[in-house]
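Treat the numbers as computed from the prediction; the structure is a model and nothing was measured.
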Amino acid sequence: MPTRVVTRTRTPDRRVPSKRGLQTRQKLMDATIELLATRPYRDIKVLDVAKEVGTSPATFYQYFPDIEGVVLEVSRLLVRETTAALDGFKDGSWSSDGLAGATRLVEAVLDGWSNHLPVMRVLTAVAAEREPRFVKAYFAATGPVRRVLTAAVQSDRPDDEGKELVHALVTGFAAAAGHENAESLRGLTKHQRRQGLARLIHAAVTTAAA
C-alpha cells in the first residue's frame, strides 16, 4: 500500500535526492510496508526490499540506514494523519455524547491508522522491548489519542489516576489496531471488536467524570 510520504528530503549522508531519487526512495518505502503487511518484521531484510523494487541493497542504503529507518520515517506520517483525524475531538466534548461519542472516537482513530497498521504493529512490539527510537516513535504516534482521552477524563481525581486510565485506554487502541485486519477473531467481527472498545472507553470516561 503506497505511503505517499516524503518527510525527510536528505539521505543518510545528508545529500538532497534528485526527483528520480525521491521516486526510488518512495518505492523502497512502499515495498517495505507491503512486506510488513504479510511477513514478520524481523524476517524482512534489506535484500528483500531491494528485490521487490528491482534494485540493489546498495541503493537502499543510499536512502535509509536500515529497515527500522523506513518504519520510523512512515511513523512520522502516521502522527500527522492521526493528529488531523482527531482535530474535532481534542476538546473532550465527544465524551458528553455517551456511547455514540466513544464510537466516533474509535472509528476516527482506527480508520486513521488503517493505512499504517503494519507500522503501528511494529512500533507497539518493538517499543515494548524498550528500544529507545521505537519508544519515542510509539509515544509520538499515540500522542494524539492520549491527548483527546486526557481532555475527556479531566476531573477532580488525582493526576496519577487519570494518567493510569488514559494509558490503559491507549494500550487498548494499540492492541485493537493489531487485530484490525482479522475478519473474525474468536467469533467477533471487526465491527463488534470496535464496538467493544467503544463500550470500554465510554464506561471508563463515565466513571472518571463521576
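Residues Thr55 and Phe60 have side chains not in contact (no heavy-atom distance under 4.5 Å, counting atoms from C-beta outward). Using a 4.5 Å cut-off on side-chain heavy atoms (C-beta onward), Tyr138 and Val170 make contact. Looking at Phe89 and Arg147, their side chains never come closer than 4.5 Å, going by heavy atoms from C-beta outward. Side-chain contact between Leu149 and Ile201 is present, with heavy atoms from C-beta onward closer than 4.5 Å. The shortest side-chain heavy-atom distance between Phe173 and Thr142 does not fall under the 4.5 Å cut-off.
What you find for Val74 and Ile33 is that their closest heavy atoms are CG2-CD1, 4.0 Å. Taking every heavy atom of both residues into account, Ala50 and Ser56 meet most closely at CB-C, 3.5 Å. Pairing each heavy atom of Leu99 with each of Arg199, the nearest pair is CD2-NH1, 3.5 Å. Shortest non-hydrogen contact noted between Leu36 and Pro118 is CB-CB, 3.7 Å. In terms of heavy-atom proximity, Gly112 sits nearest to Glu81 at O-OE1, 4.2 Å. Of all heavy-atom pairs spanning Thr103 and Ala198, the tightest one is OG1-CB, 3.6 Å.
Residues Val109 and Val79 fall into different hydrophobic clusters, defined by Ile, Leu, Val, Met, Phe, Trp and Tyr side chains chained together at heavy-atom separations under 4.5 Å. Residues Leu188 and Leu200 do not share a hydrophobic cluster, defined by chaining ILVMFWY side chains whose heavy atoms lie under 4.5 Å apart. When hydrophobic clusters are built by joining Ile, Leu, Val, Met, Phe, Trp and Tyr residues whose side-chain heavy atoms come closer than 4.5 Å, directly or via intermediates, Phe139 is grouped together with Trp113.
Between the side chains of Tyr63 and Gln26, no donor-acceptor pair of N or O atoms lies under 3.5 Å.
Taking CD of Glu52 as the reference point, atom CD of Glu34 lies at 7.5 Å (rounded to 0.5 Å). Note: Leu28 CG to Gln23 CD = 12.0 Å, rounded to the nearest 0.5 Å. The distance from the CZ atom of Arg104 to the CH2 atom of Trp94 is 9.5 Å, given to the nearest 0.5 Å. Thr82 OG1 to Leu77 CG: the interatomic distance, rounded to the nearest 0.5 Å, is 8.5 Å. For the atom pair CD of Gln195 and CD of Glu107, the computed distance is 8.0 Å after rounding to the nearest 0.5 Å. From Leu165, atom CG reaches atom CG of Leu169 across 4.5 Å, with rounding to the nearest 0.5 Å.
For Arg193 (side chain) and His179 (main-chain N/O), a donor-acceptor pair under 3.5 Å exists by modelled atom type.
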Using side chain to side chain contact (heavy atoms under 4.5 Å, CB included), reason through Asp48 and Arg39 one step at a time and then give a plain yes or no. CA-CA 11 Å; Asp48 300 326; Arg39 292 167 57 178; 3.1 Å; yes

Using side chain to side chain contact (heavy atoms under 4.5 Å, CB included), reason through Leu86 and Lys90 one step at a time and then give a plain yes or no. CA-CA 6 Å; Leu86 298 185; Lys90 60 186 179 183; over 6 Å; no

Verify side-chain hydrogen bond (donor to acceptor under 3.5 Å, both in side chains) between Glu68 and Tyr41, making sure each step is shown before the conclusion. CA-CA 9 Å; Glu68 289 84 352; Tyr41 161 69; 2.9 Å; yes

Determine, step by step, whether Ile67 and Val46 satisfy the side chain to side chain contact (heavy atoms under 4.5 Å, CB included) criterion, reporting the C-alpha distance in whole Å, the side-chain angles of both residues, the deciding distance to 0.1 Å, and the verdict. CA-CA 7 Å; Ile67 298 296; Val46 169; 4.2 Å; yes

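A salt bridge between Glu129 and Arg42 is present, with a side-chain N of the basic residue lying under 4.0 Å from a carboxylate O of the acidic one. With salt bridges taken as basic N to acidic carboxylate O contacts below 4.0 Å, one links Glu180 and Arg194.
Each of Val126, Leu123, Asp66, Ile44 was checked for a side chain to side chain contact (heavy atoms under 4.5 Å, CB included) with Val71, and the lone residue meeting it is Leu123.
Considering only residues two or more places apart in sequence or on other chains, Ser75 meets the side-chain hydrogen bond (donor to acceptor under 3.5 Å, both in side chains) condition with none of them. Applying the side-chain hydrogen bond (donor to acceptor under 3.5 Å, both in side chains) test to Asp91 and every residue at least two apart in sequence or in another chain returns Ser93.
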